[in-house]
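Below, chains carry the letters A, B, ... as their sequence lines are ordered, and counting in each starts from 1. Just so we're clear, the structure is a prediction, and the values are computed from it rather than from any experiment. When reading the values below, keep in mind they use all heavy atoms of this one structure, side chains included, and skip hydrogens, waters and symmetry mates.
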There are 2 protein chains.
Amino acid sequence: MPQLRMPRQAPARSAATPAVAPDAIDTSFLESLLGYNARRAALAVIEVFLERMAPFALKPVDFSVMSLVTHNPGITSRQLCTALGILPPNLVGMVNALERRDLIVRKPHPRDGRAMGLHLTPAGEKLMRHAEKTAAALEAEVSRGLSAGELKTLIALLKKVYQPA
Amino acid sequence: MPQLRMPRQAPARSAATPAVAPDAIDTSFLESLLGYNARRAALAVIEVFLERMAPFALKPVDFSVMSLVTHNPGITSRQLCTALGILPPNLVGMVNALERRDLIVRKPHPRDGRAMGLHLTPAGEKLMRHAEKTAAALEAEVSRGLSAGELKTLIALLKKVYQPA
DNA sequence: TATTGTTATACTCTATAACTATA
DNA sequence: TATAGTTATAGAGTATAACAATA
């Protein structure tokens with residue numbers, strides 16, 4: 001579709017109000033907010049995560065799913081959704097894609113005919129051995145400005161925020 | 001969250017090593033990762049933010065834009081994009097919506113005919129006085145599990161992650 | 001030639017309703 | 001009836017290319 005050019009407004013130039021754009025931006029209020037800082041930090045980590053995990057073609061949520069299947073063989077889709085805060089319809093495509101890549105398999109649940117247990121394939125096990133090592137190594141990289149003690153403190157404090165006792 | 005059992009892969013019919021879905025999910029590896037914890041914490045804060053900010057009809061990004069305009073009168077779209085990590089095409093709709101709500105106005109930049117400086121309207125100023133108070137108040141609520149010193153430490157450590165010195 | 005703001009557009013992520021088959 | 005998994009789909013959020021006006 002051709003876009004009509006619509007020069008929206010012809011503003012009068014009022015010299016009375018000096019509409020000056022500041023050249024140094026004051027972000028101090030936003031930076032005082034926990035939510036703002038948590039979001040920026042999460043995005044910074046995820047950015048590095050995407051780079052380092054590109055060889056495995058695993059996005060953060062894919063990795064989370066694969067990691068839970070790794071450490072919880074037979075976990076069901078419903079359990080994955082609860083643990084990760086994913087809605088069931090949105091998990092289906094991820095699991096399908098991981099199964100098509102021969103990284104996981106669905107097996108019938110032994111005691112619930114409605115459910116399917118998820119398990120790693122040998123290829124999935126091999127990939128996750130490397131992927132979890134890479135994820136752990138990336139932690140060190142992204143937290144290189146923090147001491148080991150500070151990193152431990154940071155993670156403990158973050159848990160207190162989303163897992164209030 | 002303890003893991004109670006951990007059967008490795010087994011044939012579906014083997015009673016000895018059944019492919020049982022674990023009833024307690026082991027999330028210990030994910031919880032050791034900074035990125036996972038930062039994302040979960042950020043989402044927890046944002047959830048409360050959406051509730052408390054609903055009366056102002058400001059989502060987190062809208063609030064960030066409004067707050068920067070509040071403390072930086074005349075700020076340009078380009079500066080907002082740089083400060084908040086938003087892409088210019090995605091800011092246009094937000095600014096249009098805020099302008100339609102009579103919360104901000106575009107004024108011509110005094111020294112750059114291409115740019116538009118953004119300013120609060122009186123209605124925008126009034127709304128932001130309440131909104132920033134509400135934002136500060138919900139900080140206390142969401143960090144009620146932390147002492148004042150812990151909250152300060154947490155924010156300082158988060159800054160170190162996304163603002164490496 | 002480079003930059004600001006903009007349009008169009010595509011792709012991803014997330015959310016809701018409804019269906020099936022089992023319980 | 002309630003739940004696990006699924007389908008279809010709608011709505012946000014985020015991405016790139018390209019254009020007009022201005023520097």
Side-chain angles (χ1 to χ4, degrees), chain A residues 1-11 13 19 21 23 39-40 42-43 46-47 49-50 54 57-65 74-100 104-118, chain B residues 19-23 25 39-40 42-43 46-47 49-50 54 57-65 74-99 104-118:
Chain A
M1 295 298 184
Q3 62 277 34
L4 299 192
R5 304 255 330 109
M6 235 276 270
R8 314 165 351 111
Q9 70 199 94
R13 41 195 82 100
D23 46 311
R39 181 169 174 273
R40 296 295 294 234
L43 290 176
I46 288 173
E47 186 180 347
F49 189 97
L50 290 172
L58 290 179
K59 280 166 292 183
V61 183
D62 300 316
F63 176 84
S64 298
V65 168
I75 190 173
T76 67
S77 293
R78 186 70 185 81
Q79 289 175 310
L80 277 174
C81 287
T82 300
L84 295 176
I86 306 171
L87 291 171
N90 299 329
L91 182 67
V92 175
M94 301 179 207
V95 170
N96 283 342
L98 294 172
E99 196 169 32
R100 272 195 300 271
I104 61 176
V105 287
R106 286 180 234 231
K107 297 184 183 179
H109 190 287
R111 293 188 312 275
D112 188 335
R114 299 169 300 181
M116 300 294 290
L118 300 180
Chain B
V20 174
D23 46 306
I25 301 303
R39 181 168 174 274
R40 296 295 295 234
L43 291 176
I46 288 173
E47 186 180 347
F49 189 98
L50 291 172
L58 291 179
K59 279 166 293 182
V61 183
D62 300 316
F63 177 83
S64 298
V65 167
I75 190 172
T76 66
S77 292
R78 187 71 186 81
Q79 290 175 310
L80 277 174
C81 287
T82 300
L84 296 176
I86 305 172
L87 292 171
N90 300 329
L91 183 66
V92 175
M94 302 180 209
V95 170
N96 284 341
L98 294 172
E99 197 170 30
I104 61 176
V105 288
R106 289 180 234 232
K107 296 185 184 177
H109 190 287
R111 295 187 311 273
D112 189 335
R114 298 168 301 180
M116 299 293 292
L118 301 179

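- Residues A/G85 and B/R78 both approach DNA chain C. Their nearest nucleotides, taken by heavy-atom distance, put B/R78 toward the 5′ side.
- Rounding to whole angstrom units, NE2 of residue B/H109 and P of C/dG5 are separated by 9 Å.
- Regarding contacts with the backbone of D/dA4, every side-chain N or O of A/R114 stays at 4.0 angstrom or more from both OP1 and OP2.
- Here the side chains of B/K59 and B/V65 are not in contact, with every heavy-atom distance at 4.5 Å or above.
- Between B/M94 and B/N90, the shortest heavy-atom distance links the atoms CE-O, 3.2 Å.
- Residue A/D112 contributes atom CG, which lies 11 Å from atom C1' of D/dG5 at whole-angstrom precision.
- Here the CG atom belonging to A/L91 is positioned 5.5 Å from the CD1 atom belonging to A/I86, to the nearest 0.5 angstrom.
- Rounded to whole Å, the distance from NZ on B/K107 to P on C/dT4 is 22 Å.
- When the nucleotides C/dC13, C/dG5, D/dT6 are ranked by their closest atom to the side chain of A/K59, C/dC13 comes out on top.
- To the nearest angstrom, P of D/dA4 lies 17 Å from CG of A/N90.
- Between B/L87 atom CG and D/dG13 atom C1' there is a gap of 11 Å when expressed in whole angstrom units.
- If you measure from atom CG of A/L80 to atom P of D/dA4, you get 13 Å, rounded to the nearest angstrom.
- Rounded to whole Å, the distance from CG on A/L98 to P on D/dG5 is 15 Å.
- The side chain of A/P89 has D/dT7 as its nearest neighbour among C/dC13, C/dT6, D/dT7.
- Contact annotation: A/R106 reaches the phosphate of D/dT6 (side-chain N/O to OP1 or OP2, under 4.0 Å).
- Looking at B/L50 and B/P60, their side chains come closer than 4.5 Å, going by heavy atoms from C-beta outward.
- Map A/G113 and A/M94 each onto its nearest nucleotide of DNA chain C; the residue landing nearer the 5' end is A/M94.
- With DNA chain D read from its 5' end, the first of the two nearest nucleotides for A/L43 and A/V92 is the one closest to A/V92.
- At a threshold of 4.5 Å between non-hydrogen side-chain atoms, the residues A/M116 and A/V95 do not count as touching.
- When the C1' atom of C/dT22 is taken as reference, atom CE of A/M116 falls 13 Å away, rounded to whole Å.
- Which of C/dT6, D/dT16, C/dT14 sits closest to the side chain of B/P88 comes down to C/dT6.
- The side chain of B/A115 lies closest to C/dG5, out of D/dA23, C/dG5, D/dT16.
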